K.L.:
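Got a structure for you, questions after.
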Amino acid sequence: MASSSLRHCVVLLAASLLLCVVSVAFASDSVLGPITTNGRNYTKVCDPARFASLGLDMAGFRYCDASLPYAERVRDLVGRLTLEEKVANLGDQAKGAEQRVGLPRYMWWGEALHGVSDTNPGGTRFGDVVPGATSFPLVLNSAAAFNETLWRAIGGATSTEIRAMYNLGHAELTYWSPNINVVRDPRWGRASETPGEDPFLVGRFAVSFVRAMQDIDDGANAGAGAADPFARRLKVSSCCKHYAAYDVDKWFGADRLSFDANVQERDMVETFERPFEMCVRDGDASCVMCSYNRINGVPACANGRLLTGTVRRDWQLHGYIVSDCDSVRVMVRDAKWLGYDGVQATAAAMKAGLDLDCGMFWEGAKDFFTAYGLQAVRQGKLKEAEVDEALGHLYLTLMRLGFFDGSPEFQSLGASDVCTEEHKEMAAEAARQGMVLLKNDHDRLPLDANKVNSLALVGLLQHINATDVMLGDYRGKPCRVVTPYEAIRKVVSGTSMQACDKGACGTTALGAAIAAKTVDATIVITGLNMSVEREGNDREDLLLPWDQTQWINAVAEASRDPITLVIISAGGVDISFAQNNPKIGAILWAGYPGEEGGTGIADVLFGKYNPGGRLPLTWYKNEYIGKLPMTSMALRPVADKGYPGRTYKFYSGPDVLYPFGHGLSYTNFTYDSYTTGASVTVKIGTAWEDSCKNLTYKPGTTASTAPCPAINVAGHGCQEEVSFTLKVSNTGGIGGSHVVPVYTAPPAEVDDAPLKQLVAFRRMFVPAGDAVEVPFTLSVCKAFAIVEGTAYTVVPAGVSRVLVGDESLSFSFPVKIDLVA
Ligand SMILES: *[C@@H]1O[C@H](CO)[C@@H](O)[C@H](O)[C@H]1NC(C)=O
Ligand SMILES: *[C@@H]1O[C@H](CO)[C@@H](O)[C@H](O)[C@H]1NC(C)=O
Ligand SMILES: *[C@@H]1O[C@H](CO)[C@@H](O)[C@H](O)[C@H]1NC(C)=O
Ligand SMILES: *[C@@H]1O[C@H](CO)[C@@H](O)[C@H](O)[C@H]1NC(C)=O
Ligand SMILES: *[C@@H]1O[C@H](CO)[C@@H](O)[C@H](O)[C@H]1NC(C)=O
Ligand SMILES: *[C@@H]1O[C@H](CO)[C@@H](O)[C@H](O)[C@H]1NC(C)=O
């Protein structure tokens, strides 16, 4: 840790942040006493017997009157609390007011990034009753499947396991997942946790996951039926994090705790906020978490425009806003923002719209709100009404979760609903669907299990006998782990392991090279681990670490036949050496595939499953990162500094190794379309001034002469659509899933626009020799909109294009958009 104030910290990475265990904090922690959910002896707060055991008569507490609207009950509850009690409930370890008011303690902090996790202090516990929970592949893997049905299945299984653990007193109901920050830079250490580099893809993942976590009826039902969204009941509360423009963890001198992200408003709207807007508006998430960093000087968690203006008012959040853990303290200690002390930072954050302070170890209290809230009110820096409002958001969320009244539909869930065969199979299926075949020269894969009698499995032991690495960040305790070695050995009993540990790879490589000369197949499993990419640690280069490249080349050279490479990693790895080496016949990206990852890998290698995953982020060559610092937040090229653009939307230069969306199959597909083009007329009406915006055009091109160059989408909810049907044929001899990505590109003359942008996608199964027709309908005001220079979202007049598919299989057609009075 570079920061001197963190010098005494023991770093326990894997929670929402660094857990700094300072000896002083231990002392105060024991004074506070541990708060755990274990041993909770009630299933709902409003139980007359529970009140009686506290010496209280529940009939006297209107907040327990289930016949009243939630809002009224919450008002009653908050109104009963003294100011001291109120403040004691503004931290993640909320103290309740049990003896006086019947309100129990509650631990807000839960994590469920890819299955129930216990990387929180006490809210979730594994042990005798529930030894583990299903550990799905990391989010980047699931994103690679491009399958919304899969994402909902994962969210649904996870929330069911949470409900089961809640019933047993081993978990709470509020979870700070998903992580939906866009992977702007390939060096980011947290790529594994996110759905990748495209804001639309990230947003769709968020909506699917959140709906499945939260919705009590079918997770696919967008409306979910409640007339009053503040009264819509929830299965589990899900949280979109980290808002906003957070994607630098620790890159040389830049540390997330003190980093001030310099962000153009256009990038804010187009990239950084977009997934959050979708998560709140379309997913109706009940929580948003603000991030550590500052944005243009202002801490995200004290930014009233972002929290109250955008999230709560413009997007209509029905829920609460929580800080990333210690964010308020970070304003004072790390950012030294405005020279504020704890009282001032607490007041500023609460006034900005922050409802709950997740705090780490701290002298006297866990968090700043609890420590300084009372002084802030007494000194007149914060109104008690502002505290009431925050508590209102919190208790309404708990009302909706059935914390007070119980949730009959989940009552019967118990230990036998966690780690079920069905959930483990779902984890294996997710692993299979997320595998991405990067290279397959001369159909090297799949291997024929009937012909491969001897097989050499080469690589670091941690990747081959991967009991740990596949579980990645924010893990819980898995139900079990199926390693690649175990799964491959099941298929080929003559599998020999040529594994090395750090340091001893030279001699092992020699043995592996000898083996490779004689065996029927050689598979090298290689990649990264959490020492290279993880929370709090960005990458310094994009190369394979340690001496892996060297001995992979040696093994390939010695091998009789071309070898197969399996890559375990989240972020892209510059494996140009392997792409260009004919002795490396096939390359499979396996990501961090979760507890059943070995099965997923073996099923794809031996053709039990035909891979259909696509890269959810660009794989760059290592040269790319030498051309721009990680801390430059701009997505577009920065001409005066010579920085190239970022992501497939703004970069298509020579440093791309595999583009966004790349992924091969064991079969071949072809497209037919019945569309040659479309033309749409959008009527502006009379509000010409409000609805029309100017655009900038590329030098030398003729600007549109239309009186209205572009319509402002916010001022004009246009209903026009463009529909087309695509026929996908499988011309090979084996069935397979195929992902159709649909992009749009604005008129060629528009300056500074994305090269193309993803607006729809569909994964479908096409049997061998068969064809499937897929209809697509694109909303003109969504799919053809771009964000122009002054950050308005507009649809340009002129000829846009629809681009379907990728570099190897594609078709496109023009869409002429006329804007008329
Ligand atoms: C629940 O537990 C609390 C504290 O452990 C105890 O005081 C109370 O009597 C128990 N209530 C019931 C209904 O068992
Ligand atoms: C693989 O890991 C398991 C669990 O740690 C261990 O029991 C086993 O011995 C390992 N196998 C080899 C071949 O190292
Ligand atoms: C990652 O691998 C390196 C090289 O073998 C090893 O030194 C390190 O301990 C590993 N880190 C983790 C978190 O497994
Ligand atoms: C796919 O098509 C290519 C070119 O026509 C052919 O070489 C290849 O064998 C086909 N692959 C499959 C699996 O059908
Ligand atoms: C748009 O451009 C036209 C022509 O250059 C100009 O007259 C008009 O004032 C501009 N409108 C805005 C809102 O900038
Ligand atoms: C999408 O995921 C679901 C759930 O795993 C699965 O049943 C379905 O087959 C997948 N679709 C395709 C085309 O792979």
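Atoms within each ligand, like the ligands themselves, are counted from 1 in listed order. Since the structure is predicted, the reported quantities are computational estimates derived from the model, not experimental observations. Side chains included, hydrogens not; waters and symmetry mates left out as well; all remaining heavy atoms used.
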K.L.:
List in chain and number order the residues that pass side chain to side chain contact (heavy atoms under 4.5 Å, CB included) with Ala513, two or more places apart in sequence or in another chain; answer none if no residue qualifies.
P.N.:
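Residues passing side chain to side chain contact (heavy atoms under 4.5 Å, CB included) with Ala513: Ala558.
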
K.L.:
Run the salt-bridge test on Glu595 and Arg475 with the 4.0 Å N-O cut-off and return the result as yes or no.
P.N.:
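The answer is no: the pair does not qualify as a salt bridge.
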
K.L.:
Return a yes/no value for Tyr485: is any of its N or O atoms, backbone included, closer than 3.5 angstrom to an N or O of ligand 2?
P.N.:
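Between Tyr485 and ligand 2 (N or O atoms, distance only) the closest approach is not under 3.5 Å.
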
K.L.:
For ligand 2, which atoms sit closer than 4.0 Å to a heavy atom of Met497?
P.N.:
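By the 4.0 Å cutoff, the relevant atoms are 12 (C), 13 (C).
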
K.L.:
For each nitrogen or oxygen atom of ligand 6, which protein N/O atoms lie closer than 3.5 Å, and how far apart are they, rounded to 0.1 Å?
P.N.:
| from | atom 1 | to | atom 2 | distance (Å) |
| --- | --- | --- | --- | --- |
| ligand 6 | 2 (O) | Asn147 | ND2 | 2.3 |
| ligand 6 | 2 (O) | Gln433 | NE2 | 3.2 |
| ligand 6 | 5 (O) | Gln433 | NE2 | 3.2 |
| ligand 6 | 11 (N) | Asn147 | ND2 | 3.0 |
| ligand 6 | 14 (O) | Ser737 | OG | 3.0 |
| ligand 6 | 14 (O) | Arg763 | NE | 3.0 |

K.L.:
Under 3.5 Å, N or O to N or O, is Trp546 touching ligand 3 that way?
P.N.:
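For ligand 3, there is no N or O atom that lies under 3.5 Å from one belonging to Trp546.
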
K.L.:
What residues, two or more places apart in sequence or in another chain, satisfy side chain to side chain contact (heavy atoms under 4.5 Å, CB included) together with Pro195?
P.N.:
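Here the qualifying residues are Val139, Ala143, Val202, Phe205.
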
K.L.:
Going by the order shown, which atoms of ligand 3 are within less than 4.0 Å of some heavy atom of Ser531?
P.N.:
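The atoms of ligand 3 under 4.0 Å from a heavy atom of Ser531 are 1 (C), 8 (C), 10 (C), 11 (N), 12 (C), 13 (C).
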
K.L.:
Are side-chain N/O atoms of Thr119 and Glu111 paired as donor and acceptor at under 3.5 Å?
P.N.:
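Distance-only check fails for Thr119 and Glu111.
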
K.L.:
Just say parallel, tilted or perpendicular for the rings of Tyr671 and His738, cut-offs at 30° and 60°.
P.N.:
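Perpendicular.
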
K.L.:
Pull out every atom of ligand 3 sitting under 4.0 Å from any heavy atom of Asn529, numbered as shown with elements.
P.N.:
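Numbered from 1, ligand 3 contributes 1 (C), 2 (O), 3 (C), 8 (C), 10 (C), 11 (N), 12 (C), 14 (O).
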
K.L.:
State plainly whether the residues Glu596 and Arg480 are in salt-bridge range, i.e. N to O under 4.0 Å.
P.N.:
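Result for this pair is yes, salt bridge flagged.
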
K.L.:
In chain order, what residues pass the ring pair (Phe, Tyr, Trp, His ring centres under 6.0 Å) check against Phe146, with sequence neighbours excluded?
P.N.:
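Partners of Phe146 by the ring pair (Phe, Tyr, Trp, His ring centres under 6.0 Å) criterion, ordered by chain and then number, come out as Phe761.
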
K.L.:
Salt bridge or not for Arg190 and Glu535, using N-O below 4.0 Å?
P.N.:
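Salt bridge between Arg190 and Glu535, a charged N being under 4.0 Å from a carboxylate O: yes.
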
